[in-house]
Amino acid sequence: MAKKYWLMKSEPETYSIDDLERDKTTWWDSIRNYQARNFMTKEMKVGDDVIFYHSNATPPGAAGTGTVSNPAKVDPTQFDKKSDYFEKRASKERPMWFCVELAFKKKFKNLVSLEEMKEQKPLENMLILRKGNRLSITPLSKAEFEHLVKLGK
DNA sequence: GCCAACGTTGGC
DNA sequence: GCCAACGTTGGC
C-alpha cells in the first residue's frame with residue numbers, strides 16, 4: 001500500500017517536538033477517540049510520514065515531521081488504575097485502545113503557524129483548518145505534507 | 001435508536 | 001477565561 005501522510009496534534013506543554021527530538025521515538029498513547037484509534041490500527045503503516053502539530057500553543061502550528069516507526073500495539077495506560085487514561089471497560093483479553101510508535105525526523109526551522117496555514121491556497125482542504133475540528137490525528141494528502149515541509153524550511 | 005445533557009478540545 | 005463545536009453518555 002502506498003505511503004500515507006498524517007497530522008498528529010500534541011500540546012507542547014505535554015509533549016513537544018523538542019521532547020520527541022530528545023527521545024528519538026515515542027509511543028503515541030492515551031488517545032481516547034475512536035476515529036483516531038481506527039486510523040492508528042487500520043490505516044497507519046510503518047514508514048508513513050507525519051506532521052507534528054502543536055495545539056494549545058502560542059502560536060499553534062506545524063512544528064516538525066516524524067515517521068511511524070512501529071505499528072499499533074495495545075496502549076498500556078488503559079490498564080493503569082492511577083492514570084487519567086484508565087479504562088474500566090477494557091481488559092487484557094479485550095483491550096480498547098491502541099498506540100503507534102512515532103520517530104523523530106525533523107524540527108522545522110520555522111514553525112508554520114495556524115494563521116499562516118490558513119492563508120495557503122494548497123492547504124485549504126486540510127481538516128485541521130476546519131472550524132471546530134478536534135480530531136487529534138487527521139490524514140493529509142502528499143501535496144499538503146510537502147507544502148508544509150516547504151514552508152517549514 | 002433518539003436526543004438532551006454533559007465534558008472536552010482548542011483557538012482566541 | 002470564554003465559548004463554539006463536537007463526541008460521548010445515558011435516560012427513555
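Each chain gets a letter, A, B and so on, in the order its sequence line appears, and its residues count up from 1. Source: prediction; values computed, not measured.
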Asker: Sequence neighbours left out, cut at 3.5 Å: what donor-acceptor pairs do the side chains of residues 122-132 of chain A make with other protein atoms?
Answerer:
residue	atom	partner	partner atom	Å
A:E124	OE1	A:K121	NZ	3.3

Asker: With heavy atoms of chain A within less than 4.0 Å as the criterion, where does contact along DNA chain B begin and end?
Answerer: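 Listing 5' to 3', DNA chain B meets chain A from B:dG7 to B:dC12.
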Asker: Is the shortest side-chain heavy-atom distance between A:K3 and A:K142 below 4.5 Å?
Answerer: no
Asker: Just list the side-chain donor-acceptor pairs under 3.5 Å for residues 55-64 of chain A, sequence neighbours left out, or say none.
Answerer:
residue	atom	partner	partner atom	Å
A:N56	ND2	A:E11	OE2	3.1

Asker: Quick one: do A:D48 and A:K45 make a salt bridge, cutoff under 4.0 Å?
Answerer: no
Asker: Assess the pair A:W97 and A:Y34: is the distance between their ring centroids shorter than 6.0 Å?
Answerer: yes
Asker: For a quick check of understanding: with a heavy-atom distance under 4.0 Å over all strands, which category does A:R37 fall into, base, sugar-phosphate or nothing?
Answerer: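 Result for A:R37 = nothing.
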